[in-house]
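Just below is one structure, and these are the notes that go with it.
Predicted model, so just to flag it, every value in this text is computed and none were measured. Along the sequence shown, the residues carry numbers beginning at 1. Counting starts at 1 for both ligands and their atoms, following the listed order. Values reported hereafter were calculated over all heavy atoms of this structure, with side chains retained and with hydrogens, waters and symmetry mates removed.
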Amino acid sequence: MRAVRLEAIGAMALREVAMPVAGPGEVLVRVLAAGICGSDRHMYKGEYPTGRPVTLGHEFCGRVEAVGAGVTGFVGGELVTVDPNIACGTCPACRAGRVNLCDNLLAIGVFRDGGFAEFVAVPAQQAFVLPDGLDPVHGAFSEPLACCLHALDVARIVPGSTVAVLGGGVIGLLMVQLARLAGAAEVVLVTRQASRRALALELGATVAIDPAAGDVVAAVRGLNGRGVDVVLECAGVPETLQQGLGMLARGGALVLFGVTPAGVEVPVRPFDLLVNEIRLEAAYLNPHTHARAAAMVASGVLELDRLVTHVVGLDDVAAVVGAAPQPGEIKVIVRP
Ligand code: NAP
């Protein structure tokens, strides 16, 4: 079969490889749609640890093609989304229920072969069944959505809250929709590209601000005179973390979601955090949220089609992952 292999840092290629088999406890999935994530670009550049050589692709949806020994609950033919994060279940974090912090986390498409391929074998417990007629492209959104749901859980948005989403990539545009569904009365999206601001307004943002147009902290604070209750930081750049802290109302919470390069430092004013009782939180991966994400995707409540700007085949994956995102690009979907 064909698979896109990360062979070394900066070296990725489409290869003919042996067909995987469903081992004991595994299912073999024929990949129908896989999302390219910003993390794939980080892995390509060596900015995020991976196994090598490895087939990347951790956001995918497909059909169960074969069922390994001892697997119950699958007979073959089911449409599934796969939670790529395999927790060990025995380390202290797992035993405390915090599986995203597992000491031995082994992610599919990062440390073992993933979905930029025609087929992938995965542990059956990582596969979640979707309604049969669902568009597999929608199914491929389950993984990023599951991460966003964890951020929403951490943020504790209550109906009537004001929320700012910083960064209008696919994550920010999912967060805008989730914040509205969580009952936020005002959702401000801050992003530089005008097309994304326009789309965000159609997806439920009440205000969209260009951070390059002036003092973004003053602009957000000026909307209601007190700042926002929740900031979802989805840009992954140091300045948005600082800006986000500056635009919070007293008692507000900032949820760090974007990935900044390791080692980056950001000055903060602890006094301000203290006397305003600011909650500085982080949301990493998808602990126990994949089933909810799959259910949400299946429900059709989210606008996903408008987030897909490019659909490519396996032949093009290495070029897309190896290049910076194109202007206007939101989500690139691979259809093997
Ligand atoms: P993305 O496409 O890179 O989106 C981030 C966007 O932020 C950029 O495209 C850019 O859009 C905007 N941005 C950059 N600088 C900005 C600034 N100064 N002010 C406001 N906006 C700015 O990435 P994504 O796929 O949406 O993911 C967002 C982040 O979440 C990434 O860092 C990703 O690695 C991370 N992530 C984290 C988790 C987790 O579990 N925590 C899971 C998945 C992804 P404009 O050009 O429009 O400004």
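Proximity to Gly258 (heavy-atom distance under 4.0 Å) selects the following atoms of ligand 1: 29 (C), 30 (O), 32 (O), 35 (C). Within ligand 1, counting atoms from 1 as listed, the ones closer than 4.0 Å to a heavy atom of Leu285 are 39 (C), 40 (O). Every atom of ligand 1 is numbered from 1 in the order shown, and the set under 4.0 Å from a heavy atom of Val190 is 20 (C), 21 (N). Which parts of ligand 1 touch Gln193 is read off a 4.0 Å heavy-atom cut-off, strictly below it: atoms 45 (P), 46 (O), 47 (O). The Gly169 neighbourhood of ligand 1 comprises atoms 2 (O), 4 (O), 6 (C), 26 (O), with distances under 4.0 Å to a heavy atom of that residue.
Looking at Arg335 and Glu118, no side-chain N of the basic residue comes within less than 4.0 Å of a carboxylate O on the acidic one, giving no salt bridge. With respect to Asp153 and Arg292, a salt bridge is recorded, a charged nitrogen being found less than 4.0 Å from a carboxylate O. In summary, Asp132 and Arg63 engage in a salt bridge, as defined by a charged side-chain N under 4.0 Å from a carboxylate O. Looking at Arg5 and Glu7, no side-chain N of the basic residue comes within less than 4.0 Å of a carboxylate O on the acidic one, giving no salt bridge. A salt bridge links Glu202 and Arg306; the closest N-O separation between the charged side-chain nitrogens and carboxylate oxygens is under 4.0 Å. Between Arg30 and Glu78 no salt bridge is recorded (no basic side-chain N to carboxylate O distance below 4.0 Å).
In the model, His138 has a side-chain atom that pairs as donor or acceptor with a side-chain atom of Asp305 under 3.5 Å. Side-chain polar atoms of Glu233 and Thr240 form a donor-acceptor pair below 3.5 angstrom. Side-chain contact check for His290 and Thr81: at least one donor-acceptor pair (N or O, by modelled atom type) lies under 3.5 Å. In this structure, a donor-acceptor pair under 3.5 Å is absent between the side chains of Asn286 and Asn100.
Remark: minimum distance from atom 9 (O) of ligand 1 to any protein heavy atom is reached at Arg196 NH1, 2.7 Å. Looking from atom 7 (O) of ligand 1 to the surrounding protein, the closest heavy atom is Gly167 CA, 3.4 Å. The nearest protein atom to atom 27 (O) of ligand 1, hydrogens excluded, is given as Ile171 CG1, 3.2 Å; this is a heavy-atom distance. Looking at atom 34 (O) of ligand 1, its nearest protein heavy atom turns out to be Val259 CG2, 3.4 Å. Among protein heavy atoms, atom 29 (C) of ligand 1 sits closest to Cys234 O, 3.6 Å. Among protein heavy atoms, the minimum distance from atom 22 (C) of ligand 1 is reached at Ala235 CB, 3.8 Å.
Contact between Asp315 and Leu14 at its shortest, heavy atoms only, is CA-CD2, 3.9 Å. Shortest non-hydrogen contact noted between Cys102 and Cys91 is CA-SG, 3.7 Å. Considering every non-hydrogen atom in both Leu166 and Gly244, the closest pair reads CD1-CA, 3.8 Å. Closest of all the heavy-atom pairs between Ala200 and Leu173 is CB-CD2, 3.7 Å.
Residue contact check for ligand 1: Pro325 places no non-hydrogen atom closer than 4.0 Å to it.
Considering backbone and side-chain N/O of Val170, one or more are found under 3.5 Å from N/O of ligand 1. In terms of polar-atom proximity, Cys37 is not counted as a contact of ligand 1, lacking any N or O under 3.5 Å from an N or O of the ligand. At a 3.5 angstrom cut-off on N or O pairs, Phe257 counts as close to ligand 1. Between Arg192 and ligand 1, at least one N/O pair is under 3.5 Å apart.
Counting heavy atoms closer than 4.0 Å to ligand 1, residue Thr240 contributes side-chain atoms (C-beta onward) but none from N, CA, C or O. If you look at Ala283 next to ligand 1, the close heavy atoms, those under 4.0 Å, all belong to the backbone. The part of Pro211 lying near ligand 1 is the side chain, judged by heavy-atom distances below 4.0 Å. When heavy-atom distances to ligand 1 are checked against a 4.0 Å cut-off, Glu239 comes that close only through its side chain, counted from C-beta outward.
Shown here, atom 11 (O) of ligand 1 is in close reach of the protein: a heavy atom of it lies under 4.0 Å off. Distances from atom 18 (N) of ligand 1 to the protein include at least one heavy-atom value under 4.0 Å.
If you check each of Asn85, Thr191, Val237 against atom 45 (P) of ligand 1, the one with the closest non-hydrogen atom is Thr191.
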